[in-house]
Structures are given as structure tokens and as C-alpha cells.
Trainee: 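Below is a structure I'd like to ask you about.
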Amino acid sequence: MGETMLTFLGSQIFRIPFLIAYITAIAIAFSRYPTQGKPALLAGCGFFLFFMGWLINAVHMYWQISIYRDGGAMQELVRIASLTGIASHLLELVGLVLVMLALFGTRNSPVGGTESIDALNTRA
């Protein structure tokens with residue numbers, strides 16, 4: 001393994017537990033889709049967006065280490081860092097909104113529906 005790859009893996013050691021958590025959450029959410037429906041789907045999509053944000057940050061870190069070793073231009077590094085930062089934060093924001101909708105949306109109604117759980121229970 002090259003020196004760049006070893007440096008990259010060392011930089012990711014504290015981020016790997018998040019990767020494992022995102023993959024586990026995606027698998028659990030999509031496996032519960034048949035029984036829980038839309039909330040499980042929203043949670044799975046949200047955790048997938050968290051995973052994509054993680055992946056963008058990892059690719060950026062690898063690229064940053066590579067360009068540093070090759071003596072790349074600092075302005076290019078700053079521009080790419082800004083773009084990848086914005087992209088990963090937007091993905092994580094949308095993912096968080098989806099997970100919150102899955103958690104706090106009323107069950108058996110459209111996401112963000114106006115019916116409360118009490119209204120659903122009193123109909124029975």
C-alpha cells in the first residue's frame with residue numbers, strides 16, 4: 001500500500017464507526033419497509049444521504065492528501081474544499097430532515113399530515 005493510502009486510512013480511523021452505523025441503519029430501515037412503510041423508507045433514504053455525505057468527505061480527504069503530496073495549487077484546493085463541503089452539508093441536511101420526518105411524522109397518514117395520533121386512536 002502506498003504512503004498516500006496509509007495516510008488516508010489513518011485520517012479515516014475515527015470516521016469508520018459512522019460508516020458502519022450508516023450502512024447498518026440503511027439495512028435496518030429498508031428491511032423494515034414491508035412492515036413500517038413510509039417511515040422506514042424515509043429513514044433509509046435519509047441515512048443513505050448521510051452515507052453519501054460521508055463518502056464525499058472521504059473522497060475529498062483522499063484527494064486533498066494526494067494533491068498535497070504532489071505539490072498542487074492552494075487555490076484549487078480551497079475551491080474544491082468549498083464545493084465538497086457545501087455538497088456534503090446539503091446532503092446531510094436533507095438526510096436529517098428525512099430522518100426527522102420518519103421519526104415525527106404521524107403514522108398511517110401522509111408525511112407531515114395534520115391528523116394527530118390521538119385522532120387516529122379515537123376513530124377505532
Side-chain angles (χ1 to χ4, degrees):
M1 229 184 270
E3 187 178 337
T4 301
M5 183 57 79
L6 288 175
T7 304
F8 168 71
L9 292 175
S11 73
Q12 299 301 302
I13 195 75
F14 293 113
R15 297 186 68 224
I16 290 176
F18 290 98
L19 174 65
I20 294 168
Y22 295 148
I23 292 171
T24 303
I26 292 167
I28 291 171
F30 287 127
S31 71
R32 295 200 178 177
Y33 176 70
T35 58
Q36 294 181 349
K38 191 181 282 187
L41 180 64
L42 288 172
C45 291
F47 284 117
F48 180 75
L49 291 176
F50 280 131
F51 168 76
M52 293 304 294
W54 186 97
L55 191 62
I56 287 172
N57 285 331
V59 168
H60 172 256
M61 180 59 75
Y62 182 80
W63 180 81
Q64 188 175 4
I65 291 168
S66 297
I67 201 131
Y68 177 74
R69 293 211 185 276
D70 295 340
M74 201 57 141
Q75 285 186 341
E76 182 182 359
L77 181 64
V78 169
R79 184 174 53 250
I80 296 297
S82 298
L83 292 175
T84 57
I86 289 169
S88 68
H89 282 85
L90 284 175
L91 285 172
E92 290 170 358
L93 175 65
V94 173
L96 181 62
V97 168
L98 290 176
V99 170
M100 287 172 38
L101 286 173
L103 288 173
F104 303 120
T106 57
R107 195 166 191 174
N108 296 328
S109 69
V111 175
T114 58
E115 285 188 86
S116 68
I117 291 175
D118 292 333
L120 291 172
N121 290 336
T122 57
R123 268 197 251 156

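Worth saying up front: this structure is predicted, and the values here are computed from it rather than measured.
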Trainee: Are the side chains of T7 and S11 in touch, meaning some heavy atoms are under 4.5 Å apart?
Mentor: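 No, their side chains stay 4.5 Å or more apart.
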Trainee: Check ring pair (Phe, Tyr, Trp, His ring centres under 6.0 Å) between F48 and all other residues, then give those that pass, not counting sequence neighbours.
Mentor: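 For F48 there are no ring pair (Phe, Tyr, Trp, His ring centres under 6.0 Å) partners, ignoring immediate neighbours.
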Trainee: When you look at CZ of F30, are more than 12 heavy atoms from neighbouring residues, nucleotides or ligands closer to it than 6.0 Å?
Mentor: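 Yes, because the 6.0 Å sphere around CZ of F30 holds more than 12 heavy atoms from other groups.
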Trainee: Can F104 be reached from F47 by stepping across I, L, V, M, F, W or Y side chains whose heavy atoms are under 4.5 Å apart?
Mentor: yes
Trainee: Going from CG on L93 to CZ on F50, what distance comes out if it is rounded to the nearest 0.5 angstrom?
Mentor: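 Reported to 0.5 Å precision, the distance equals 9.0 Å.
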Trainee: Within this structure, what is the CD1-CD distance for the pair I80 and Q64, rounded to the nearest 0.5 Å?
Mentor: 11.0 Å
Trainee: Is there a chain of hydrophobic side chains (I, L, V, M, F, W, Y, each step under 4.5 Å between heavy atoms) that links L96 to I26?
Mentor: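 As far as the 4.5 Å side-chain criterion goes, I26 and L96 are connected within one cluster.
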Trainee: Looking at every non-hydrogen atom in both residues, tell me the closest pair between A102 and P39 and how far apart they are.
Mentor: CB-O, 3.1 Å
Trainee: Mind telling me whether F8 and Y62 have parallel, tilted or perpendicular rings, with 30° and 60° as the class edges?
Mentor: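 Ring orientation of Y62 relative to F8: perpendicular.
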Trainee: Heavy atoms, side chains only, cut-off 4.5 Å: are V94 and M52 in contact?
Mentor: no
Trainee: Are V59 and L9 connected in a single hydrophobic cluster, I mean Ile/Leu/Val/Met/Phe/Trp/Tyr linked by side-chain heavy atoms less than 4.5 Å apart?
Mentor: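 The answer is no; the residues belong to distinct hydrophobic clusters.
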Trainee: Could you walk me through whether L19 and Q12 pass the side chain to side chain contact (heavy atoms under 4.5 Å, CB included) check?
Mentor: CA-CA 10 Å; L19 174 65; Q12 299 301 302; over 6 Å; no
Trainee: What's the shortest heavy-atom distance between A40 and A29, and which atoms?
Mentor: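 Result for this residue pair: CB-O, 3.3 Å.
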Trainee: Taking only residues two or more places apart in sequence, or in another chain, which ones meet T84 in a side-chain hydrogen bond (donor to acceptor under 3.5 Å, both in side chains)?
Mentor: none
Trainee: Between I65 and M61, does a side chain to side chain contact (heavy atoms under 4.5 Å, CB included) hold up when you go through it step by step?
Mentor: CA-CA 6 Å; I65 291 168; M61 180 59 75; 4.0 Å; yes
Trainee: What closest approach, in Å, do S88 and N57 show between heavy atoms, and which atom pair accounts for it?
Mentor: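 For S88 versus N57, the nearest heavy atoms are OG-OD1, 3.2 Å.
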Trainee: Per the side-chain contact (heavy atoms from CB on, under 4.5 Å) rule, which among V97, L101, V99 passes with L42?
Mentor: L101
Trainee: Kindly assign one of parallel, tilted or perpendicular to the pair F51 and W54, based on the angle between their ring planes and the thresholds 30° and 60°.
Mentor: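 F51 vs W54 ring planes: parallel.
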Trainee: To the nearest 0.5 Å, what is the distance between CG on L98 and CG on L49?
Mentor: 6.0 Å
Trainee: Using the side-chain hydrogen bond (donor to acceptor under 3.5 Å, both in side chains) criterion, which residues pair with R32? Sequence neighbours excluded.
Mentor: none
